[in-house]
Amino acid sequence: MSAQKPSVPKGTRDFSPIEMARRNYIFDTIRDVFCRYGYQPIETPAMENLSTLLGKYGDEGDRLLFKILNSGKYLDKIDGKALAEKDQTGITRLISDKGLRFDLTVPFARYVVQHRNDISFPFKRYQIQPVWRADRPQKGRYREFFQCDVDVIGSDSLLNEVELIQIIDDVFTKLEINAVVKLNNRKILAGIAEVIGEAENFGHITVAIDKLDKIGIEKVNEEMLAKGVSRDAIDKLQPILTLEGKLKEKFPKLLEILKDSPTGLEGCKETMTVMRHLKDLGINAKFELDLTLARGLDYYTGAIIEVKATNMAMGSICGGGRYDDLTGVFGLEGISGVGISFGADRIYDVLLEQDRFPDAYHASSKVMFVNFGDEEVKYCLPVINRLRKAGINTELYPDAAKMKKQLVWANNKGIPFIVMAGTEEIKNKKFMLKDMNKGEQEQLTEEELIKKLKRLSQ
RNA sequence: GUGGAUGUAGCUCAGUUGGUUAGAGCGCUAGAUUGUGGUUCUAGAGGUCGCCGGUUCAAAUCCGGUCUUCCACCCCA
């Protein structure tokens with residue numbers, strides 16, 4: 001038997017203890033903030049029916065869905081004609097009816113519709129789970145990654161938008177990441193498309209102007225022209241794209257531009273209301289109106305939110321927006337929701353690159369007892385038990401191995417304290433406590449040992 | 001899905017125009033030190049050169065395919 005080289009699928013990763021400690025630091029921080037604002041956790045299955053997922057993320061999203069092959073004799077359903085014509089979409093529908101979830105928002109909408117009778121609206125939920133995308137991996141882009149979603153569903157109030165941005169601010173303040181929150185509104189974008197006379201090209205226009213800071217205005221114009229946007233409309237768009245200045249100056253200009261579009265004016269008003277609240281609250285993060293912020297997901301209808309870490313060549317670390325009709329496709333009309341999603345894996349990469357992980361987080365147990373043999377173990381075990389009951393993370397090395405091996409092991413594991421109890425200590429009813437960082441050691445009674453370690457565990 | 005780069009010891013990387021026994025540092029194991037780790041010294045183990053095939057007397061080295069990782073596009077957390 002030839003040994004196969006072990007590996008994990010492309011774009012997926014193992015997480016070792018040190019990585020888990022850091023990841024849990026992120027999850028714990030985010031979860032704490034979510035709870036502080038009264039959001040409640042739910043979980044949904046890794047897989048959903050394809051009918052739930054398809055058509056919610058645009059064509060690109062459908063392509064990136066991982067599909068799960070049906071069980072049983074799935075080939076029986078396929079006729080030779082479809083195979084001969086290589087009708088991939090048609091065949092896929094026949095052999096796969098489940099897929100891995102692509103995000104947490106669509107499964108949440110499904111959940112809300114399904115459990116509508118048990119939910120009292122507005123419903124505030126959070127959800128921290130992995131999602132999967134069949135994308136080609138790159139820096140900060142994985143095929144399996146964790147999203148931390150918070151959503152309010154069943155409330156139109158703009159206070160929800162404000163609250164979500166407060167949550168963003170709290171999370172990144174706690175994680176010590178300098179973040180800038182970019183805001184826009186689909187209604188503003190729709191209004192712009194309307195006033196330049198290209199309402200039907202809304203999609204093409206937003207996709208193109210989304211790339212403005214990346215490829216420049218020339219290429220954006222080229223792309224729009226190629227997609228069938230008229231020269232005249234592109235000319236009209238230029239002053240809007242290059243709108244500069246402070247918010248105070250931007251909004252009056254925008255209101256003037258959008259004066260013939262009720263939708264656009266409404267989006268503008270909404271964004272102004274949200275920003276006014278934010279200004280009054282005085283949040284730490286910078287926030288700005290970014291008219292080029294579009295976001296590809298099809299279901300957004302109102303506010304669009306995106307967060308980037310400053311000074312980092314990385315995609316957004318948090319994103320979201322308002323969706324008015326998402327539950328409608330599952331048969332529950334008139335329920336509007338708004339939510340955001342923190343990308344835990346990208347936040348991890350930012351924290352690692354900026355060296356912002358607290359050291360204390362990777363510690364395992366506080367103290368390890370050296371194993372000298374049966375007699376000594378018998379002496380130590382009850383004390384170890386009492387240390388644990390006192391809330392001190394304690395472990396005993398399982399084998400009576402050489403002292404050196406046991407100390408190296410403790411050292412590698414980052415255990416800060418060692419207890420040695422051999423014949424001498426047993427005779428005196430004492431314990432030798434060694435501080436691994438300072439190299440100092442002292443003999444203590446059990447009572448003193450517990451007291452000291454308890455103090456050091458704070 | 002499109003285009004480009006990459007892969008040598010557990011890790012980071014050398015390796016000449018194709019040539020005989022593929023190296024270094026770190027890590028690992030043992031000893032110096034039988035109850036003291038993280039420093040030092042000494043010794044040792046560890047590689048079908050990503051995988052499959054081709055060219056050649058001869059391939060880590062050249063060619064083709066494939067997979068991985070990375071970069072750009074697309075899109076996105």
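Throughout, a chain's letter reflects where its sequence line sits, starting with A, and its residues are numbered from 1. This is a predicted model, so every value here is computed, not measured.
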Inset, instruction - Determine the interatomic distance between C1' on B:U2 and the same-named atom on B:C62; round to the nearest Å. - result: 28 Å

Inset, instruction - Please work out if A:G439 contacts a base, only the sugar-phosphate, or nothing of the nucleic acid, heavy-atom cut-off 4.0 Å. - result: base

Legend entry - Heavy atoms from other residues, nucleotides or ligands near CZ of A:R356 exceed 12 (cutoff 6.0 Å): yes

Inset, instruction - Take atom CG of A:D62 and atom P of B:C76, then tell me their distance rounded to the nearest Å. - result: 13 Å

Legend entry - B:U40 to B:U21 separation - C1' atoms, rounded to the nearest Å: 32 Å

Legend entry - Value in whole Å for how far the P atom of B:G38 lies from NZ of A:K413: 19 Å

Legend entry - Touch class at under 4.0 angstrom, heavy-atom based, for A:E425 against every strand present: base

Inset, instruction - Quote, to the nearest angstrom, the C1' distance that separates B:U48 from B:A60. - result: 12 Å

Legend entry - A:K404 side-chain N/O to B:U29 phosphate OP1/OP2 under 4.0 Å: no

Inset, instruction - Could you check A:S341 against A:T12 and say which one's nearest nucleotide on RNA chain B is further toward the 5' end? - result: A:T12

Inset, instruction - Whole angstrom is fine here: how far is it from CG in A:L65 over to P in B:C76? - result: 13 Å

Inset, instruction - Looking at every strand, decide which applies to A:K219 at a 4.0 Å heavy-atom threshold: base, sugar-phosphate, or nothing. - result: nothing

Legend entry - Donor-acceptor under 3.5 Å (A:E425 side chain, A:G422 main chain): yes

Inset, instruction - Using the P atoms only, state how far B:G10 lies from B:A43, rounded to an integer number of Å. - result: 23 Å

Inset, instruction - Assess A:R133 against A:F66: is NZ or CZ under 6.0 Å from the centre of the six-membered ring, and within 45 degrees of the ring's axis? - result: no

Inset, instruction - Any strand is fair game: report the nucleotide pairing with B:A45 by Watson-Crick or G-U wobble, both distances under 3.5 Å, or none. - result: none

Legend entry - Face-to-face contact A:F145 to B:A77 six-ring, under 5.5 Å, under 30°: yes

Legend entry - Base paired to B:C13 (Watson-Crick or G-U; both N/O distances under 3.5 angstrom): B:G23

Legend entry - Axial cation check for A:Y126 ring with A:R31, 6.0 Å and 45° limits: no

Legend entry - Within residues 169-177 of chain A, residues whose heavy atoms come under 4.0 Å of RNA chain B: none

Inset, instruction - Between B:U55 and B:G64, how far apart are the P atoms? Round to whole Å, please. - result: 15 Å

Legend entry - Along RNA chain B (nearest heavy atom to each residue), the more 5'-positioned of A:G319 and A:K139: A:K139

Legend entry - Phosphate contact (B:G31 OP1 or OP2) by A:K402 side-chain N/O below 4.0 Å: yes

Inset, instruction - Return the nearest nucleotide to the side chain of A:K211; candidates are B:C70, B:G35, B:C75. - result: B:C75

Legend entry - Rounded interatomic separation in angstrom, taking CZ from A:F102 and P from B:C76: 8 Å

Inset, instruction - Using atom CZ of A:F146 as one end and atom C1' of B:C76 as the other, report the distance to the nearest whole Å. - result: 18 Å

Inset, instruction - Identify whether the distance between the nearest side-chain nitrogen and carboxylate oxygen of A:K124 and A:E163 falls below 4.0 Å. - result: yes

Legend entry - A:K434 side chain near B:U36 phosphate (N/O to OP1/OP2, under 4.0 Å): no

Legend entry - P-based separation of B:G65 from B:A72 [nearest Å]: 25 Å

Inset, instruction - May I ask you to say whether A:R23 pairs ionically with A:D345, meaning some side-chain N is under 4.0 Å from a carboxylate O? - result: yes

Legend entry - Side-chain ion pair, A:D135 and A:R143, N-O less than 4.0 Å: no

Inset, instruction - Quick one: look up who B:A60 pairs with, Watson-Crick or G-U, both distances under 3.5 Å, and put none if it's unpaired. - result: none

Legend entry - B:U2 - base-pair partner by Watson-Crick or wobble geometry, distances under 3.5 Å: B:A72

Inset, instruction - For B:G38 versus B:A30, give the span between their P atoms, rounded off to a whole number of Å. - result: 12 Å

Legend entry - B:U61 and B:A22, which share atom name C1', separated by this distance in whole Å: 12 Å

Legend entry - Under 4.0 angstrom between A:Q138 side-chain N/O and B:A72 OP1 or OP2: yes

Legend entry - Nearest-Å distance for atom pair CG/C1', residues A:N437 and B:U39: 15 Å

Inset, instruction - Flag the pair A:K452 and A:E442 as a salt bridge only when some basic side-chain nitrogen lies within less than 4.0 angstrom of an acidic carboxylate oxygen. - result: yes

Legend entry - Near-ring test A:F342/A:F172, centroid separation under 6.0 angstrom: yes

Inset, instruction - Using a 4.0 Å heavy-atom cut-off across all strands, classify A:C148 as base, sugar-phosphate, or nothing. - result: nothing

Inset, instruction - Report which part of the nucleic acid A:Q441 touches: base, sugar-phosphate, or nothing (heavy-atom distance under 4.0 Å, all strands). - result: base

